[in-house]
> 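The following block contains the structure, expressed as structure tokens.
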2 protein chains.
Amino acid sequence: MATASVRDTAGQDRLFAALANGTRREVLRLLRERGPQPAGAIADRFDMARPSLSEHLKVLREAGLVSEERAGRQRIYRLEAAPLADVQDWLHPYERFWRQRLTGLGDVLDAMPDDDTP
Amino acid sequence: MATASVRDTAGQDRLFAALANGTRREVLRLLRERGPQPAGAIADRFDMARPSLSEHLKVLREAGLVSEERAGRQRIYRLEAAPLADVQDWLHPYERFWRQRLTGLGDVLDAMPDDDTP
DNA sequence: ACGATAAGTAGGAGATTCCCTACGCGTCAA
DNA sequence: TTGACGCGTAGGGAATCTCCTACTTATCGT
């Protein structure tokens, strides 16, 4: 096993775009807190027509953030957190910048270059 | 000093949406690696009309990810990483889910609930 | 086989995104 | 003061997003 989370630009776009919607973030939270759920049970939690929520699930699926398993006439959705590890990886080189601010180190090092992505 | 990074749903939408674009992520990387830059120097790096890039800078500004400082007829843009700390905070409750997968602990705990956001 | 149930697809309205060209505003140098 | 420069705003076009109301497909119970 070698690479696990190399995401191209378009993939990152899809990932962040999937997260850029409150309803979809709520769906993720629901799956995280309550475990896998059939589409209907998810939809019941939202004040929105079911087909609309079905679309949101599709966006999450295409971003790799949920998977579906068919069980009879239900489709059980499950959180897939792996792409979120990609987000954390993306975040990592920025970490020292907010650390810097919070610890009051100030803006002293602002111009100090670093290399990370080619 | 009390709360520093409480972001409402709309604010999170704006934040993730700002990150959901390759050009804008590139701008952030540039500011991280090369330090603060005038708008023109940033625009020169992209194969895009300057007003288009100006719009991207506006989106980043409204998400709080960059700040601008006027210096003569230039506007120096600077990375503001604090909102990215919000992203990491948002990410945190999901962390155990991908850890779980990676360490091969398997799907055993998938249905185990946890509480985090109200 | 039939009707009811679970959930996705089709198509469409209205808003937003992402790019462009044209133009306006402030600042500096001569 | 005039002209050039740095940069933003206006406005517009094509594509995409987010919601809706039908409608289709697949499965289950009787």
Side-chain angles (χ1 to χ4, degrees), chain A residues 8-28 30-31 34-80, chain B residues 8-31 34-79:
Chain A
D8 55 11
T9 302
Q12 288 195 331
D13 282 10
R14 247 182 285 117
L15 178 51
F16 281 114
L19 297 175
N21 178 285
T23 300
R24 289 194 290 265
R25 288 193 306 277
E26 275 295 295
V27 170
L28 294 179
L30 188 72
L31 294 177
R34 305 281 215 272
Q37 308 249 338
I42 299 172
D44 286 349
R45 303 236 166 204
F46 295 88
D47 186 24
M48 182 182 293
R50 288 201 333 75
S52 305
L53 213 116
S54 194
E55 284 289 335
H56 283 305
L57 290 171
K58 187 180 184 178
V59 172
L60 290 170
R61 224 184 304 127
E62 288 171 355
L65 286 163
V66 303
S67 59
E68 75 170 25
E69 175 203 351
R70 300 182 186 217
R73 54 186 154 179
Q74 303 195 121
R75 298 190 184 184
I76 311 298
Y77 280 87
R78 174 190 305 269
L79 174 66
E80 295 293 338
Chain B
D8 56 12
T9 303
Q12 288 197 329
D13 282 10
R14 246 181 287 117
L15 178 51
F16 281 114
L19 298 175
N21 179 283
T23 301
R24 288 193 293 263
R25 288 194 306 276
E26 275 295 296
V27 170
L28 295 180
R29 186 171 69 83
L30 188 73
L31 294 177
R34 306 280 216 272
Q37 309 249 336
I42 299 173
D44 286 348
R45 303 236 165 204
F46 296 88
D47 185 24
M48 183 181 294
R50 284 184 45 283
S52 305
L53 213 117
S54 194
E55 283 289 334
H56 284 305
L57 289 171
K58 186 181 186 179
V59 171
L60 290 170
R61 226 184 303 125
E62 287 171 356
L65 286 163
V66 303
S67 60
E68 73 167 28
E69 175 203 351
R70 297 178 190 223
R73 53 186 155 179
Q74 303 194 124
R75 299 192 182 181
I76 311 297
Y77 281 88
R78 174 190 304 269
L79 174 65

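Per chain, numbering begins at 1; letters A, B, ... match sequence-line order.
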> What is the separation between atom CG on B/Asp13 and atom C1' on C/dT17, rounded to the nearest whole Å?
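So the two atoms are 15 Å apart, to the nearest Å.
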
> Need one value for B/Arg24: base, sugar-phosphate or nothing, where a base atom within 4.0 Å counts as base even if backbone is also close, heavy atoms only.
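Here B/Arg24 touches the backbone only, sparing every base.
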
> Whole angstroms only, please: what is the NE2-C1' distance between A/His56 and C/dA7?
16 Å

> Output the rounded distance in Å from CD (A/Glu55) to P (C/dT9).
8 Å

> So, does A/Arg25 use its side chain to make a donor-acceptor pair with the main chain of B/Thr9 at under 3.5 Å?
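Pair found, side chain donor or acceptor close to backbone of B/Thr9.
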
> Where does the chain A footprint on DNA chain D start and end, counting 5' to 3' with a 4.0 Å heavy-atom cut-off?
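Extent of the interface on DNA chain D: D/dT18 to D/dC28.
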
> Name the residue closer to the 5' end of DNA chain D, choosing between A/Arg75 and A/Asp47 according to the nucleotide with the nearest heavy atom.
A/Asp47

> Do B/Glu62 and B/Arg14 meet the salt-bridge criterion of a basic N to acidic O distance under 4.0 Å?
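Salt bridge absent between B/Arg14 and B/Glu62.
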
> Return a single string for nucleotides 22-30 of chain C, one symbol per nucleotide in 5' to 3' order, where B is base contact, S is sugar-phosphate-only contact and - is none, cutoff 4.0 angstrom on heavy atoms.
B----BB--

> Atom CD of B/Glu69 and atom CZ of B/Arg78: how far apart are they, to the nearest 0.5 Å?
6.0 Å

> Starting at atom CZ of A/Arg70, determine the distance to atom C1' of C/dA6, rounded to an integer number of angstrom.
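The answer, rounded to whole Å, is 12 Å.
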
> Would you classify A/Tyr77 as touching base, sugar-phosphate or nothing, given that sugar-phosphate means primed atoms plus P, OP1 and OP2, and contacts are heavy atoms under 4.0 Å?
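Sugar-phosphate, no base atom in range.
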
> Using atom CG of A/Asn21 as one end and atom P of C/dA15 as the other, report the distance to the nearest whole Å.
18 Å

> Roughly how far, to the nearest 0.5 Å, is CZ of A/Arg45 from CG of A/Leu30?
5.0 Å

> Rounded to whole angstrom units, what separation is found between the CG atom of B/Leu19 and the P atom of C/dT17?
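It is 14 Å, rounded to the nearest whole Å.
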
> Just how far, in rounded Å, is P of C/dC18 from CD of B/Glu26?
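So the two atoms are 15 Å apart, to the nearest Å.
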
> Side chain of A/Leu57 only, heavy atoms from C-beta on: which candidate in C/dG8, C/dC20, C/dC18 is closest?
C/dG8

> About how many Å separate CD of A/Glu26 and CG of A/Asn21, when rounded to the nearest 0.5 Å?
10.5 Å

> Would you kindly give the CD-to-C1' distance between A/Gln74 and C/dA4, to the nearest whole Å?
14 Å

> Please step through side chain to side chain contact (heavy atoms under 4.5 Å, CB included) for the pair B/Leu19 and B/Leu65, ending with a clear verdict.
CA-CA 9 Å; B/Leu19 298 175; B/Leu65 286 163; 3.8 Å; yes

> Measuring from A/Arg24:CZ to A/Glu55:CD, what's the distance to the nearest 0.5 Å?
10.0 Å

> If you look at every heavy atom in B/Ala43 and B/Arg50, which pair is closest and at what distance?
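Scanning both residues completely, I find the closest heavy atoms to be CB-CG, 3.6 Å.
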
> Which part of the nucleic acid does A/Ala49 contact within heavy-atom distance under 4.0 Å: base, sugar-phosphate only, or nothing?
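The residue A/Ala49 makes base contact.
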
> Any chance you could measure A/Tyr77, atom OH, to A/Leu57, atom CG, to the nearest 0.5 Å?
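Those atoms lie 5.0 Å apart.
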
